[in-house]
Colleague: 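First the structure, which I've put down as structure tokens, then a few questions once you've had a look.
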Amino acid sequence: MFRQVASLTLLLLIGALFGYIVGSNSVYGSCAGLFVVSLAWTIFDQYQIKNILKWLQQEELENRPSKVGVYVSIVERVVRVVRAQRRINLESVNRLNAFLSAIQASPNGVLLLDSESRIDWCNQTAAQQLGIDMQKDEKQLIANLVRDPMFSNYLKLLGAQEEIVIHARDSKPELPRRISVQLFPYGDGRRLLLSRDITQIEQAEVMRRDFVANVSHEIRTPLTVLSGFVETLLTLPVSEQERRGYLELMSVQATRMQTLVNDLLTLSKLEGSPIPGKSEWTPISVLWKQCNQEALSLSQLLYPHTVQNIQFNCDGLEEVGLEVAGSRNELFSAMTNLVSNAVRYTPEDGSIYVSLILLSSGELEFKVEDTGAGIAREHIPRLTERFYRVDRSRSRDSGGTGLGLAIVKHVAQRHDARLSISSQVGKGSSFAIRFPVHRIRKVEVEVLVP
Ligand code: ADP
């Protein structure tokens, strides 16, 4: 400031002196000199201000203007303020982007509506569930895009509301998808819409209800028979022979309930216990022997007057000390379920072929083939569902619970094994469990020399 005043004063003095000399020592000459200096100073000042204004009008304020004279400190200050503002803006943008990315990552749909229920923003999940394309649907009325009448009515309600359930936009009759939608008011009449895919939850609930209904049904039948016989024995005079007959029938029903409860417990254990690791190794020979015994004794029990043709072939694996990693009880349960099914669903004059083969890939395959009635193609994908039966009466009559293959599938999954089923109506069926290489090992077998 002082420098500016001093420079101006000096220039005025020079101008006055110069005018005085040029004007032959007259006062008018001094005045003219003063006038010229003042005019030049003003023009130069205006030029500097114009430079600054031109610079301020630019978007980028990086290239500072030269020739700003005494205004350099103003330019410096503007640059500092702009830089600080830019830093703040960048931080805000980064924070907003991080926030939006977090909402994008949410498995639930998030949609923002303005006070007129027009779409302001939504994440990808909401876009997918509600069929919104943010490129062209921004600021569109949501009611024009989500046309479910229930949703339209819900939209008219103001204030916080309970959630409603509607069909997702990509729901198809063969693959229904349901979403729950809830609106939350905020700000100046704005609303936040949250959506959640509840298809799986609903399916699980249906499965749970079906399961309870199935179990109740399975238990009720033998229970009704049992209580009927108990009633008869208590109220009617019956002969010793009749009493014995009733008790035998009661015993059959009690066994049926017992088998059902055992299978249910097996399933619940399979679902609730940790996956069998590699700490337990079961010799194949043990499983193989137990499995053979089960098949033969069940066959004898079901067909006491004939001998079913059951062949076993393990390719000598019994003797090579092969072991499977996993739970012995579970593996036994899976193998015997397959063998018992073959016995139960194959007529007495049919044949059953049980084999255990070490494949060239190193996998171990346990296979049960039969020449029974076979299963129609449409039933095969559903066989491992709980209580799914193709031949209901044959299953019941032979002591089936409808849970056998569900158990087999669970056990296979828990041992990284694959269950494959193939069948032809009238020809027979084939069930195979294939264990992966990492669950198989060979151990040295001690041979006792006599
Ligand atoms: P179940 O206790 O009724 O045998 P599973 O879960 O073991 O229950 O089997 C489901 C259904 O699959 C059975 O009810 C039966 O209809 C069919 N099934 C299973 N194994 C065979 C087979 N070897 N031959 C023909 N049908 C079979």
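Numbering of residues begins at 1 and proceeds along the displayed sequence.
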Colleague: For residues 142-163, which residue pairs pass the salt bridge (charged side-chain N to carboxylate O under 4.0 Å, His left out) check, not counting sequence neighbours?
Modeller: Glu163-Arg196

Colleague: Checking Ser171 against Arg178: is there a side-chain donor and acceptor pair closer than 3.5 Å?
Modeller: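 Judged by distance alone, the side chains do not pair up.
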
Colleague: Look only at the side chain of Arg439 and the backbone of His415, and say whether a donor-acceptor pair between them is shorter than 3.5 Å.
Modeller: yes

Colleague: Would you compute the distance between atom OG of Ser216 and atom CZ of Arg220 and round it to the nearest 0.5 angstrom?
Modeller: 8.0 Å

Colleague: Please examine the side chains of Ile132 and Ile142, heavy atoms only from C-beta on, and report whether any two atoms are closer than 4.5 Å.
Modeller: yes

Colleague: With sequence neighbours excluded, what pairs up with Arg392 under the side-chain contact (heavy atoms from CB on, under 4.5 Å) test?
Modeller: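 Residues passing side-chain contact (heavy atoms from CB on, under 4.5 Å) with Arg392: Arg389, Arg396.
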
Colleague: Can you find a pair of side-chain heavy atoms, one from Ile275 and one from Gln413, that are under 4.5 Å apart?
Modeller: no

Colleague: Is a side-chain donor or acceptor of Ser251 paired with a backbone partner of Leu247 at a separation under 3.5 angstrom?
Modeller: no

Colleague: Please list all pairs passing the ring-ring contact (aromatic ring centres under 6.0 Å, His included) test where one or both residues lie in residues 127-150, with sequence neighbours left out.
Modeller: none

Colleague: State which residues pass side-chain contact (heavy atoms from CB on, under 4.5 Å) with Arg87; sequence neighbours excluded, sorted by chain then number.
Modeller: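 side-chain contact (heavy atoms from CB on, under 4.5 Å) list for Arg87, sorted by chain: Ala84.
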
Colleague: Starting at CG of Leu338, measure out to CD1 of Ile407 and round the result to the nearest 0.5 Å.
Modeller: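 The CG atom of Leu338 sits 11.0 Å away from the CD1 atom of Ile407.
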
Colleague: Is it true that Ser239 and Gln241 share a donor-acceptor pair across their side chains at a distance under 3.5 Å?
Modeller: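 No pair is found: no donor N or O on one side chain lies under 3.5 Å from an acceptor on the other.
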
Colleague: Could you tell me if the side chain of Glu365 sits less than 4.5 Å from the side chain of Ser355, heavy atoms only?
Modeller: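 Ser355 vs Glu365: side chains apart.
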
Colleague: Using side-chain contact (heavy atoms from CB on, under 4.5 Å) as the criterion, list what pairs up with Ile219, not counting sequence neighbours.
Modeller: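 Counting only residues at least two positions away or on another chain, Ile219 forms a side-chain contact (heavy atoms from CB on, under 4.5 Å) with Val215, Leu223, Met257, Leu260.
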
Colleague: Backbone N or O of Ala334 within a donor-acceptor pair of the His410 side chain at under 3.5 Å?
Modeller: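 Side chain of His410 to backbone of Ala334, a donor-acceptor pair under 3.5 Å: no, none is there.
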
Colleague: With side chain to side chain contact (heavy atoms under 4.5 Å, CB included) as the criterion, how do Tyr154 and Ile166 come out once you've worked through the C-alpha distance, each side chain's angles and the decisive distance to 0.1 Å?
Modeller: CA-CA 11 Å; Tyr154 182 62; Ile166 59 172; over 6 Å; no

Colleague: Angle between ring planes, Phe366 versus Trp288, binned at 30° and 60°: parallel, tilted or perpendicular?
Modeller: perpendicular

Colleague: Enter the distance from Arg414:CZ to Leu331:CG here, rounded to the nearest 0.5 Å.
Modeller: 10.5 Å

Colleague: What ring-ring contact (aromatic ring centres under 6.0 Å, His included) pairs are there with at least one residue in residues 89-148, not counting sequence neighbours?
Modeller: none

Colleague: With side chain to side chain contact (heavy atoms under 4.5 Å, CB included) as the criterion, how do Glu218 and Thr401 come out once you've worked through the C-alpha distance, each side chain's angles and the decisive distance to 0.1 Å?
Modeller: CA-CA 8 Å; Glu218 294 290 331; Thr401 58; 6.0 Å; no

Colleague: Tell me which donor-acceptor pairs under 3.5 Å the side chains of residues 345-352 have, and how far apart each pair is, sequence neighbours excluded?
Modeller:
| unit_1 | atom_1 | unit_2 | atom_2 | d |
| --- | --- | --- | --- | --- |
| Thr346 | OG1 | Ala342 | O | 2.5 |
| Glu348 | OE1 | Thr306 | OG1 | 2.4 |
| Ser351 | OG | Asn309 | ND2 | 3.1 |

Colleague: To the nearest 0.5 Å, what is the distance between OG1 on Thr266 and CD on Glu330?
Modeller: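 Those atoms lie 9.5 Å apart.
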
Colleague: Val252 versus Glu248: any side-chain heavy-atom pair under 4.5 Å?
Modeller: no

Colleague: Determine, stepwise, if the pair Arg77 / Val81 fulfils side chain to side chain contact (heavy atoms under 4.5 Å, CB included).
Modeller: CA-CA 6 Å; Arg77 176 89 188 114; Val81 169; 3.9 Å; yes

Colleague: Would you mind reporting whether Leu145 and Gln140 have side-chain heavy atoms less than 4.5 Å apart?
Modeller: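 Side-chain contact under 4.5 Å: yes.
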
Colleague: Can you pull out every ring-ring contact (aromatic ring centres under 6.0 Å, His included) where at least one residue sits in residues 238-272? Sequence neighbours excluded, please.
Modeller: Phe229-Tyr246

Colleague: Tell me if the CZ atom of Arg244 is crowded by more than 12 foreign heavy atoms within 6.0 Å.
Modeller: no

Colleague: With sequence neighbours left out, write down each residue that passes side-chain hydrogen bond (donor to acceptor under 3.5 Å, both in side chains) with Asn329, or none if nothing qualifies.
Modeller: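 For Asn329 there are no side-chain hydrogen bond (donor to acceptor under 3.5 Å, both in side chains) partners, ignoring immediate neighbours.
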
Colleague: By the salt bridge (charged side-chain N to carboxylate O under 4.0 Å, His left out) test, which pairs, at least two apart or in different chains, include something from residues 277-289?
Modeller: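 Residue pairs with at least one partner in residues 277-289: there are none.
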
Colleague: Passes side chain to side chain contact (heavy atoms under 4.5 Å, CB included), Val411 versus Asn337? Steps please.
Modeller: CA-CA 11 Å; Val411 173; Asn337 261 308; over 6 Å; no

Colleague: What is the minimum heavy-atom distance between Gly374 and Ser429, and which atoms define it?
Modeller: CA-OG, 3.6 Å

Colleague: Which atom names give the shortest non-hydrogen contact between Tyr303 and Val343, and what distance separates them?
Modeller: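 Closest pair (atom of Tyr303, atom of Val343, distance): OH-O, 3.3 Å.
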
Colleague: Check the pair Asp114 / Lys139 against salt bridge (Lys or Arg N to Asp or Glu O under 4.0 Å), numbers first and verdict last.
Modeller: CA-CA 8 Å; Asp114 68 10; Lys139 283 292 166 196; 3.1 Å; yes

Colleague: Could you state the interatomic distance from CZ (Phe312) to CG (Leu296), rounded to the nearest 0.5 Å?
Modeller: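 Reported to 0.5 Å precision, the distance equals 4.5 Å.
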
Colleague: Please identify each residue that fulfils side-chain contact (heavy atoms from CB on, under 4.5 Å) with Arg169, with sequence neighbours left out.
Modeller: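 Arg169: no side-chain contact (heavy atoms from CB on, under 4.5 Å) contacts found.
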
Colleague: Give a yes or no on whether the backbone of Ile164 and the side-chain of Ser180 come within a donor-acceptor separation of less than 3.5 Å.
Modeller: no

Colleague: Report the relative orientation of the aromatic rings in Tyr388 and His379; use parallel for angles under 30°, tilted for 30 to 60°, perpendicular for over 60°.
Modeller: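 Aromatic pair Tyr388/His379 classed tilted.
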
Colleague: Given 3.5 Å as the limit, does a donor-acceptor pair link the side chain of Thr232 with the main chain of Gly228, or not?
Modeller: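 Such a contact is found between Thr232 side chain and Gly228 backbone.
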
Colleague: Using modelled atom types and a 3.5 Å cut-off, is there a donor and acceptor pairing between side-chain atoms of Ser115 and backbone atoms of Gly189?
Modeller: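 Here the side-chain-to-backbone pair does not exist.
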
Colleague: Between the side chain of Arg190 and the main-chain N/O of Leu112, is any donor-acceptor distance below 3.5 Å?
Modeller: no

Colleague: With rounding to the nearest 0.5 Å, note down the distance linking CD in Gln290 to OG in Ser285.
Modeller: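 Going from the CD atom of Gln290 to the OG atom of Ser285 covers 10.0 Å.
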
Colleague: Side chains of residues 122-129: which donor-acceptor pairs under 3.5 Å do they make with residues two or more places apart or in other chains?
Modeller:
| unit_1 | atom_1 | unit_2 | atom_2 | d |
| --- | --- | --- | --- | --- |
| Asn123 | OD1 | Val110 | N | 3.0 |
| Asn123 | OD1 | Ala126 | N | 3.0 |
| Asn123 | ND2 | Ile103 | O | 2.9 |
| Asn123 | ND2 | Asn108 | O | 3.0 |
| Thr125 | OG1 | Ser106 | O | 3.2 |
| Gln129 | OE1 | Ser195 | OG | 2.5 |

Colleague: Given the rule in the salt bridge (Lys or Arg N to Asp or Glu O under 4.0 Å) test, do Lys172 and Glu174 qualify, once you have shown the distances and angles that lead to the verdict?
Modeller: CA-CA 5 Å; Lys172 294 182 196 109; Glu174 66 279 12; 5.3 Å; no

Colleague: Judged by atom type as modelled, is there a donor-acceptor pair below 3.5 Å linking the side chain of Arg177 to the main-chain atoms of Ala168?
Modeller: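 It does not hold such a pair.
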
